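Values below: all heavy atoms of this structure, side chains included; hydrogens, waters and symmetry mates excluded. Count residues from 1 along the sequence. All values derive from a computational prediction rather than experimental measurement.
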Amino acid sequence: MALSPLNQRRWRNFKRNRRALWSLVIFSVVFFVSLFAEVLANDKPILVSYRGEYYVPIAKFYPETAFGGDFKTEADYKDPVVQCLIETGGVEFCFDEPEDILAQVAAGSYAEEGFEKGWTLWPLIPYSYDTPVDRPGAAPLPPSAQNWLGTDDRKRDVVARVLYGFRLSIVFTLIVTAAASVIGIIAGAVQGYFGGWIDLVFQRVIEIWGATPQLYVIIIMFAVLGRSFWLLVILMVLFGWTALVGVVRAEFLRARNLEYVRAAKALGVSNRVIMFRHMLPNAMVATVTMLPFIVTGTISVLAGLDFLGFGLPSTAPSLGELTLQAKQNLQAPWLAFTAFFTFAIMLSLLVFIFEGVRDAFDPRKTFS
């Protein structure tokens, strides 16, 4: 679908802001990659070939018996016995001497009647965000060829946790920002357009709601209902929708007495059409200006809650929890550096992107 002339001009303005454009490209690539975190970092193979058939362990449960084992529990694909069964097609001697048979298969010297060589395709990082690393030494372990950014104090791979944590933070932020923005824009538009008692009552409600201690409410709700992703989303939206109300309200108060609005009323155009088709686009510059603060604020609040232990469930891959570990393990500087650069790069890219979006929506902004 072709863009309108106005949106074409906005896109040209955005592209002329090289910093914003490159930030968008880098952020999009990183976020797209993180969407496939299970393929890049997992303690299960991506694909297994066994006796001419293919299995996808990252997407489906397979018992050990599917590969010639004895147990109906999920196969441990890092177990030498399971590896031997897969690579030899289920040879019985795997239960007695799996390492020796694997060495013979690798050397190409193994020969057994009915032998059909299988294989496993592992992710680039053979650990999920909650997989304990099998390395000698006390946790946290320093960076190595096995763990590029080391491990945390529970011997979990830091790269895997950053990859999953980045995706979780961005998805959480996008959901909260989108929902809070829709509610805030509608509330601000209604206040500014109608004014009078509606505006007065709304303002008093917002003042009372804004004075409610957010952290205490979250702690109480988590104590009653338990910590969960969607509960935190709902609570963040309930406390975050007021951020845009004041800006949108001011723009609608200013525009409701302009000539084009009065003319539309005289022609019998409905209030809904006037508000959201004619007035809202003119208020978008001020609205978009506030979005970077909402996005970065949501990420910071999520990290802060996780740091304090009142955020996402303890089993979730959390960047805030990584920051807490950096504070508690000063002898492991790789945790602090990883947390700092992850947040610094992520927030900087988002700020640069929204700076370009703000300038693109500003009709007075031109680029040389």
Side-chain angles (χ1 to χ4, degrees), residues 1-17 20 174-212 214 236-298 350-368:
M1 184 172 60
L3 296 175
S4 65
L6 176 60
N7 288 327
Q8 290 179 12
R9 182 190 65 80
R10 288 170 175 171
W11 175 239
R12 287 195 300 269
N13 282 347
F14 181 84
K15 289 194 297 183
R16 291 192 184 107
N17 189 331
L174 291 177
I175 295 174
V176 171
T177 302
S181 297
V182 169
I183 297 173
I185 288 173
I186 294 175
V190 170
Q191 283 186 247
Y193 182 79
F194 292 104
W197 282 102
I198 294 178
D199 185 30
L200 184 63
V201 172
F202 256 109
Q203 283 298 101
R204 301 294 80 78
V205 170
I206 291 175
E207 290 173 2
I208 296 172
W209 186 245
T212 305
Q214 177 180 354
M236 292 291 291
V237 171
L238 288 177
F239 285 100
W241 67 272
T242 58
L244 286 177
V245 172
V247 176
V248 178
R249 171 178 173 270
E251 290 295 320
F252 271 72
L253 283 172
R254 180 184 63 82
R256 68 175 184 168
N257 292 320
L258 295 180
E259 294 295 333
Y260 76 91
V261 176
R262 299 167 74 176
K265 289 182 178 180
L267 292 172
V269 180
S270 66
N271 291 328
R272 182 178 60 84
V273 173
I274 295 174
M275 290 167 60
F276 297 107
R277 180 177 296 179
H278 301 293
M279 297 178 68
L280 182 59
N282 295 323
M284 284 304 296
V285 175
T287 304
V288 170
T289 302
M290 291 296 297
L291 284 181
F293 302 101
I294 298 176
V295 171
T296 55
T298 301
L350 288 171
V351 169
F352 292 153
I353 291 170
F354 279 107
E355 182 184 75
V357 173
R358 179 200 63 196
D359 293 341
F361 274 84
D362 190 350
R364 299 165 298 178
K365 193 75 174 181
T366 57
F367 295 91
S368 57

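- You'll find the side chain of Leu280 reaches within 4.5 Å of the side chain of Phe252, heavy atoms only.
- Ala283 and Glu251 make their closest contact through CB-CB, 3.5 Å (heavy atoms, listed as atom of the first residue, atom of the second, distance).
- Residues Ile274 and Val261 have side chains in contact (heavy-atom distance under 4.5 Å, counting atoms from C-beta outward).
- Considering every non-hydrogen atom in both Gly356 and Asn17, the closest pair reads CA-ND2, 3.8 Å.
- Using a 4.5 Å heavy-atom cutoff, the side chains of Asp359 and Phe14 are not in contact.
- Between Gln191 and Leu253 the shortest side-chain heavy-atom distance does not fall below 4.5 Å.
- Between Gln214 and Met236 the shortest heavy-atom distance is NE2-SD, 3.5 Å.
- Thr298 pairs with exactly one of Thr177, Ile175, Leu174 by the side chain to side chain contact (heavy atoms under 4.5 Å, CB included) rule, that one being Thr177.
- At least one side-chain heavy atom of Trp209 sits less than 4.5 Å from a side-chain heavy atom of Trp241.
- The nearest pair of heavy atoms linking Ala187 to Val245 is CB-CG2, 4.1 Å.
- No side-chain heavy atom of Leu244 sits less than 4.5 Å from a side-chain heavy atom of Phe293.
- The side chain to side chain contact (heavy atoms under 4.5 Å, CB included) with Gln203 is formed by just one residue from the set Val205, Leu200, Ile206, Val201; it is Ile206.
- Between the CD1 atom in Ile185 and the CE atom in Met275 there is a gap of 11.5 Å [rounded to 0.5 Å].
- Scanning both residues, Thr287 and Val247, for their nearest heavy atoms gives N-CG1, 4.1 Å.
- You'll find the side chain of Tyr193 stays beyond 4.5 Å of the side chain of Ile198, heavy atoms only.
- Contact of the Met279 side chain with the Tyr260 side chain is registered, since non-hydrogen atoms from C-beta on lie closer than 4.5 Å.
- Heavy atoms only, all atoms of each residue included: Asn13 and Ala360 are closest at CB-CA, 4.0 Å.
- Other residues, nucleotides and ligands place no more than 12 heavy atoms under 6.0 Å from the CZ atom of Arg272.
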